[in-house]
S.K.: 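Let me begin by handing over the structure; questions about it come next.
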Amino acid sequence: MADRPRIIGIDLGTTNTLVASVKNRIPKIVPTDRGNLILPSVVALSGKGELLVGGVAKDQMVTNPKNTLYGTKRLIGRKYQSRVVDDLKGYFKYDIVEAPDGDAAVTLGGRIYTLPEVSSFILKQLKTIAEQFLGGPIDEAVISVPAYYTDSQRQAVKEAGKLAGFNVKRIVNEPTAAALAYGFNRGLDQKILVYDLGGGTFDVSVLHLTGNVFEVLATGGDTFLGGVDFDNRVMDYVLEKFWEETKVDLSQSPIAMQRIKNAAEAAKIDLTLIPNVVIDLPYIEERKGKPLDLRIPLTRENLNALTMDLVDRTFEICDRVLAEKGINRSEIDEIILVGGQSRMPLVQQRIQEHFGKPPRKGVHPDECVALGAALLADSLGTIDSVTLLDAVSMPIGYALPNGRVRRVIEKNSIIPLVKSFRLPPPKDPGAPFIEMDIFQGDSDLMVDNEYLGTLRVPAESAGRKIDFRLNEECLLQVMVEEPGGPRRIELATRDTPELLKKELARVAEERAQKAEQSASSPSSHQEGSGLFSKVKSIFRRG
Ligand SMILES: Nc1ncnc2c1ncn2[C@@H]1O[C@H](COP(=O)(O)OP(=O)(O)OP(=O)(O)O)[C@@H](O)[C@H]1O
Ligand SMILES: [Mg+2]
């Protein structure tokens, strides 16, 4: 045991990153930053040109926003030319640019960094910390990712791990890791629902646990629903109240906005424990040379009213996921809460109302994903102590000339899996190659899905069998039958296909037209509504 290579489990979160290791079969979190167990997922460049990671990087968010990268988990593994990246461009303070390979990238101090590079800075820091804490080199890791991550996002996280010097033994879905932390070695036979409301995303998975067999029955979520949306509601409220009292629009001041954002989050967290708080920000502005202070009380009832619809949305998603597999709410034996935002009393109360039972206590909402990743990491070296039967969260298919997607792999199929079909003829008769643009996503429309890449095979292969294989990490491999036997083919290119470019341009134009129409409609000039939309555009998806 002693000379086995040491391996850690990493939860690379939108807001916070955690690392855990297993000793004598017990997983424990490694303290990472200033004595804390979490490392903020922030990378920055200081005024002096030093690269900062974690708490120190987060500290300079207000003063040096252009060179402070946060929330990059939303960008990693995405094409620059995509709807999601188009949306996100307006939300982050730092610049998002196109890397030479067409992926989204970011700039820091005027230099372009790929997103795997940015994540690798966080992972490298974790590696150093874990090595110091555990004493000795650590070269292997299991890294968790959201269940809804596409093939490209998973590949990009693997790449980040590699850049940080890890041999990434496995990518595991976050809810599955959480389930492991809950059920490992407990000999359970239960259906559980993992409700993960984190900083940026909501994820739900239903699993069947039988001993150490963890089978994912259904999974779903919303990539744009998390703690930051709750903070924004509080920010909107604060801005409106301040406007009512002073007729000063603080949304014009980036520094004031950053202070309000921090205070809004802190107030939200305090309201988990206490029923009332006062948001107190002295000298938030100046008027005629005199300081203006901001002092706004907020009760838990206020917060609940401001965010009720967000909480309701999580339950709509839970119901949809259950309905997809025809599972009744009453069949769920336990509800496991994961993610910092799930601590909100309203969430816990609504769980009780919705499922008729309280959520399970005793699973740490911040730590369980990292702990589960560490347990899986540890078990990889031993003889099949854990069996994970995970599921695909989003269908995979190829684009048709009409801009729609023909599905090959359906949602919720158990992985690993193989789906075979016959290669269609080339799009243009007489072309030397058959080209297939591969997409992953829930929509039937290509433009709303993520482009994974293009396969290219000689035209004479038309009619031959082609296999789409998903391995246990939910990574895609393609095999084509040839006279000499099956041959693995790699994606020939990840350059955005012309058809997708056209569709994206069309969608962008439609959106611009809509924006123009609503800008000229009288309602958008009403008092108050302007503030609301500003908060949205500046901070919505941190
Ligand atoms: N006591 C609390 N009450 C309410 N919200 C909280 C509390 N503690 C933390 N949060 C919120 O939880 C969020 C962070 O959660 P977490 O660390 O689980 O996210 P993450 O893992 O980084 O994100 P994701 O899983 O979406 O990638 C923040 O929005 C934070 O404000
Ligand atoms: Mg998380």
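Ligands are counted one by one from 1 in listed order, and the atoms in each one are counted from 1 as well. Positions are given from 1 along the sequence. FYI, side chains are in, hydrogens and waters are out, and symmetry mates aren't considered; it's all heavy atoms of this structure.
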S.K.: Give the residue, atom name and distance (to 0.1 Å) of the protein heavy atom nearest atom 21 (O) of ligand 1.
M.R.: G13 CA, 3.9 Å

S.K.: Kindly confirm or rule out a cation-pi arrangement of K93 over Y70, judged by NZ or CZ under 6.0 Å from the six-membered ring centre and within 45° of its axis?
M.R.: no

S.K.: I need the minimum non-hydrogen distance between A377 and I8, along with the two atoms involved.
M.R.: CB-O, 4.0 Å

S.K.: Between T201 and ligand 1, which residue portion shows a heavy-atom distance shorter than 4.0 Å: side chain, backbone, both, or neither?
M.R.: both

S.K.: With sequence neighbours excluded, tell me which residues meet side chain to side chain donor-acceptor pair (under 3.5 Å) with K158.
M.R.: E473

S.K.: Kindly give the heavy-atom pair with the smallest separation between K79 and D101, and that separation in Å.
M.R.: NZ-O, 3.2 Å

S.K.: Run down the list E265, M344, E367 and name the one with the heavy atom closest to atom 31 (O) of ligand 1.
M.R.: E265

S.K.: Near K73, which atoms of ligand 1 are under 4.0 Å from a heavy atom of that residue?
M.R.: 27 (O)

S.K.: Could you pull out the closest heavy-atom pair between P40 and K58, with the gap in Å?
M.R.: CB-CD, 3.9 Å

S.K.: What part of Q341, side chain from CB on, backbone N/CA/C/O, both or neither, has a heavy atom under 4.0 Å from ligand 1?
M.R.: both

S.K.: Of the protein's non-hydrogen atoms, which lies at the shortest distance from atom 20 (P) of ligand 1, and what is that distance?
M.R.: T15 OG1, 3.4 Å

S.K.: Measure the distances from the heavy atoms of G200 to every atom of ligand 1 and state whether one is below 4.0 angstrom.
M.R.: yes

S.K.: Which residue supplies the protein heavy atom nearest to atom 13 (C) of ligand 1, what is that atom called, and how far is it?
M.R.: G199 CA, 3.6 Å

S.K.: Charged N to carboxylate O under 4.0 angstrom, R78 versus D103?
M.R.: no

S.K.: If I apply the N/O under 3.5 Å rule, does L197 come out as touching ligand 1?
M.R.: no

S.K.: Who passes salt bridge (Lys or Arg N to Asp or Glu O under 4.0 Å) against K268, sequence neighbours left out?
M.R.: D231

S.K.: For ligand 1, which atoms have a heavy atom of G227 less than 4.0 angstrom away?
M.R.: 29 (O)

S.K.: What atoms in ligand 1 come closer than 4.0 Å to a heavy atom of G339?
M.R.: 18 (O)

S.K.: Suppose we measure from atom 17 (O) of ligand 1 to each protein heavy atom; which comes out shortest, and what is that distance?
M.R.: N16 ND2, 2.9 Å

S.K.: Quick one: look up the protein heavy atom nearest atom 16 (P) of ligand 1 and list residue, atom name and how far away it is.
M.R.: G340 N, 3.7 Å

S.K.: Looking only at the aromatic ring of each residue, does the gap between the centers of Y195 and F315 stay below 6.0 angstrom?
M.R.: yes

S.K.: Specify the closest pair of heavy atoms between I335 and I351, including all atoms of both residues, with the distance to one decimal.
M.R.: CG2-CD1, 3.9 Å

S.K.: Tell me which protein heavy atom sits closest to atom 4 (C) of ligand 1, plus the residue, atom name and distance to 0.1 Å.
M.R.: T272 OG1, 3.5 Å

S.K.: Return yes when atom NZ of K89 has more than 12 non-hydrogen atoms of other residues, nucleotides or ligands closer than 6.0 Å, and no otherwise.
M.R.: yes

S.K.: Considering only protein heavy atoms, which is closest to atom 8 (N) of ligand 1, and at what distance to one decimal place?
M.R.: R343 NH1, 3.2 Å

S.K.: Considering non-hydrogen atoms of the protein only, which is the closest contact for atom 24 (P) of ligand 1, and what is the distance?
M.R.: T14 OG1, 3.3 Å

